[in-house]
Amino acid sequence: QLQVEEFGGGLVQPGGSLRLSCTASGTIFNIYQMGWYRQAPGKERERVAEIFTDDSTMYLDDVKGRFTISRDNAKNTVNLQMNSLKSDDTAVYFCYAQLSLTQQFWGQGTQVTVSS
């Protein structure tokens, strides 16, 4: 069974930076897509960033220019570098790995809190 785990959440001041990492482990033939969602209390879940097999990427408009997603296919790892963090970035960040059109596996989430 595939397992997905996030690392790197924590408390950071506005304007600061944080780097999240996510690793998928287990029996894996191929991962087509990995990415990050986030959900703040009382808010709907947002798709933050995705990276595809060809290393093309997509970003939520609010994070463009501040966040950068990257992946290491050999390690089945995806990273999210977050710069110029704002209070509105506070949320639980979830990593996912997509193995097919219908198979997605999710991590437990990691808390990111941006506060002075």
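In what follows, residues are counted from 1 in the order of the sequence shown. Being a predicted model, the structure only gives us computed values, none of them experimental.
Between C95 and M34, the shortest heavy-atom contact is SG-CE, 4.2 Å. Contact detail for S70 and R19: the closest heavy-atom pair is OG-NH2, 4.3 Å. Pairing each heavy atom of L2 with each of A97, the nearest pair is CD2-CB, 4.4 Å. Summarising the geometry of V63 relative to V48, their closest heavy-atom pair is CG2-O, 3.8 Å, with the distance given to 0.1 Å. Contact between G9 and V112 at its shortest, heavy atoms only, is CA-CG2, 4.2 Å. Between S115 and P14, the shortest heavy-atom distance links the atoms C-CD, 3.5 Å.
Under the ring-ring contact (aromatic ring centres under 6.0 Å, His included) criterion, the residue pairs touching residues 67-98 are Y37-Y96, Y96-W106, with sequence neighbours excluded. Within the structure, every pair that satisfies the salt bridge (charged side-chain N to carboxylate O under 4.0 Å, His left out) test and touches residues 79-108, not counting sequence neighbours, is listed here: R38-D89, R66-D89. Residue pairs meeting the salt bridge (charged side-chain N to carboxylate O under 4.0 Å, His left out) criterion with at least one partner in residues 70-85, sequence neighbours excluded, do not occur; the list is empty. Judged as a disulfide bond (SG atoms under 2.5 Å apart), not a single pair has a partner in residues 33-92 (not counting sequence neighbours).
Contacts of T113 classified as side-chain hydrogen bond (donor to acceptor under 3.5 Å, both in side chains), with partners at least two apart in sequence or in another chain: Q111. Legend: residues meeting side-chain hydrogen bond (donor to acceptor under 3.5 Å, both in side chains) with R45, ordered by chain and number and at least two apart, are absent. Scanning for side-chain contact (heavy atoms from CB on, under 4.5 Å) contacts around T102 gives S100, with sequence neighbours left out. For R47, the salt bridge (Lys or Arg N to Asp or Glu O under 4.0 Å) test picks out E50, with sequence neighbours left out. With sequence neighbours excluded, no residue forms a side-chain hydrogen bond (donor to acceptor under 3.5 Å, both in side chains) with Y59. A search for side-chain hydrogen bond (donor to acceptor under 3.5 Å, both in side chains) contacts involving S21 returns N79, not counting sequence neighbours. Listed by chain and residue number, Q81, N83 satisfy the side-chain contact (heavy atoms from CB on, under 4.5 Å) test with S17 (two or more places apart in sequence, or in another chain). With sequence neighbours left out, D61 forms a salt bridge (Lys or Arg N to Asp or Glu O under 4.0 Å) with K64.
The line from OG1 of T23 to CG of N76 is 8.0 Å long, rounded to the nearest 0.5 Å. Interatomic distance, D54 CG to Q33 CD, rounded to the nearest 0.5 Å: 10.5 Å. If you take CD on Q13 and CG on L18, they are separated by 12.5 Å, rounding to the nearest 0.5 Å.
Connection of L80 to F105 is established within a shared hydrophobic cluster, with ILVMFWY side chains joined at heavy-atom distances below 4.5 Å, either directly or through further cluster members. Linking ILVMFWY residues whenever their side-chain heavy atoms come closer than 4.5 Å, directly or via other members, places W36 and L99 in the same cluster. Cluster annotation: L60 and V78 are assigned to the same hydrophobic cluster (Ile/Leu/Val/Met/Phe/Trp/Tyr, side-chain heavy-atom contacts under 4.5 Å, transitive).
Heavy atoms of other residues, nucleotides or ligands lying less than 6.0 angstrom from CD of Q104 number more than 12.
Counting only distance, with no hydrogens or angles, the side chain of T57 and the backbone of I51 share no donor-acceptor pair below 3.5 Å. Put simply, the side chain of E6 gets close to the backbone of G109: a donor and an acceptor are under 3.5 Å apart.
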**Q.** Verdict with supporting geometry, V4 and C22, side-chain contact (heavy atoms from CB on, under 4.5 Å)
**A.** CA-CA 7 Å; V4 179; C22 171; 3.3 Å; yes
